Amino acid sequence: MPKSVSNAQIEAIPGWFQEYDVDMFRLLLERTAEAGGDLAELGAYLGKSAVLIGSSLAPDERFTVIDLFGSEAGEEANRAENADQYLGLTREDFEQNYRRVHGELPDVVVGLSASVVDHARRGTHRFVHVDAGHLYDNVVEDIDAARTLLKPDGVVVFDDYRTEHTPGVSAAVWRSTAEGLRPFAVTPVKLYATFGDPQPWFDAVQEWVGASRWKHEVQSVAGNDIVRLWWEAERTTALPLRNGLRERAVRKLRRLRG
């Protein structure tokens, strides 16, 4: 039977997983569980999101987690990124965190994220979370891998689709919207999409978010409606920064004008 995982258990694991995305994962894992299917996570770090995904696992389903876990990456640029951001990450750390919550491990694979298609069942997945390498070519391969794994109506989630230090993710994800990827929701950190009909997922998110604690609106992108949700403080705290930059720019211009 699926096991309930509390926010406190998630927060106890180091990593990055915002509360609005925790809520979105809960919603979509619950809705995808109605039809059933496998689960996968490409890039796990220390297990913060994996423990929540694993809570949705039914006995006849498989959950595959793939990560380099500190092992050597193939390309020089990929090795540099791993050394810069994930130095010291080990499989043992991930497994210890996961066992603390669930006891039994998922199918853990050490390797490049796109190779997940060699280890997980194809065309059976209801939910795939992509949070692996940030280089453009790697993300393109991960998108293809997610498409291979997913059921026609499955959900795929991309992390860092708009973060300033990961332009390769942004370019690869938005490029894929011209090749069948259909976003239905975005948060400040993650993009939620499907390669099937996005309308049922858009409807589910829109219905849920209206009664949630999150600010939200609907935007249209390339003919598709997308729910955007956020925490109000992220807007309000950004305003003083922008205003401060503007004031400094005005003062500098005045000094130059003498």
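Residues: numbered from 1 along the sequence shown. Everything numeric in this text was worked out from a predicted model, so none of it was measured.
Aromatic pair F25/F127: centroids less than 6.0 angstrom apart. The ring of F69 has its center closer than 6.0 angstrom to the ring center of F94.
The environment of CD in E164 is sparse: at most 12 heavy-atom neighbours from other residues, nucleotides or ligands sit within 6.0 Å.
Take R121 and apply the salt bridge (Lys or Arg N to Asp or Glu O under 4.0 Å) test, not counting sequence neighbours, and it matches D38. Residues passing the side chain to side chain contact (heavy atoms under 4.5 Å, CB included) test with V140, sequence neighbours excluded: Y136, D144, A172, R175.
In this structure, the separation between CG on L105 and CZ on R99 is 4.0 Å, given to the nearest 0.5 Å. To the nearest 0.5 Å, atom CD of residue E41 and atom CG of residue D67 are 8.5 Å apart. Atom CZ of residue R182 and atom CH2 of residue W201 lie 14.5 Å apart, to the nearest 0.5 angstrom.
Exactly one of E30, R126, E61 qualifies for a side chain to side chain donor-acceptor pair (under 3.5 Å) with S56. That residue is R126.
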- request: Please lay out, stage by stage, how R213 and D23 fare under the test salt bridge (Lys or Arg N to Asp or Glu O under 4.0 Å).
  value: CA-CA 10 Å; R213 54 183 167 157; D23 287 354; 3.5 Å; yes
task: Starting from the C-alpha separation in whole Å, work towards a yes-or-no answer on side chain to side chain contact (heavy atoms under 4.5 Å, CB included) for F17 and N7.
output: CA-CA 10 Å; F17 198 12; N7 283 8; over 6 Å; no
message: I'd like to know whether D107 forms a side chain to side chain contact (heavy atoms under 4.5 Å, CB included) with V65, so could you lay out the CA-CA distance, the side-chain angles of the two residues, the decisive distance to 0.1 Å, and finally the verdict.
response: CA-CA 6 Å; D107 296 336; V65 173; over 6 Å; no
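Two different hydrophobic clusters hold F202 and V221 under the rule that ILVMFWY side chains link at heavy-atom gaps under 4.5 Å. One hydrophobic cluster, built from ILVMFWY side chains closer than 4.5 Å, cannot hold both V169 and V157; they sit in different ones.
Using a 3.5 Å distance cut-off with no hydrogens or angles, the side chains of Q219 and E217 do pair a donor with an acceptor. Between the side chains of D21 and Y192, at least one donor-acceptor pair of N or O atoms lies under 3.5 Å. Side chains of T90 and D93: a donor on one and an acceptor on the other come within 3.5 Å. Checking D160 against H134 by side-chain atom types alone, a donor-acceptor pair falls below 3.5 Å. A side-chain N or O of Q199 and one of D203 form a donor-acceptor pair less than 3.5 Å apart.
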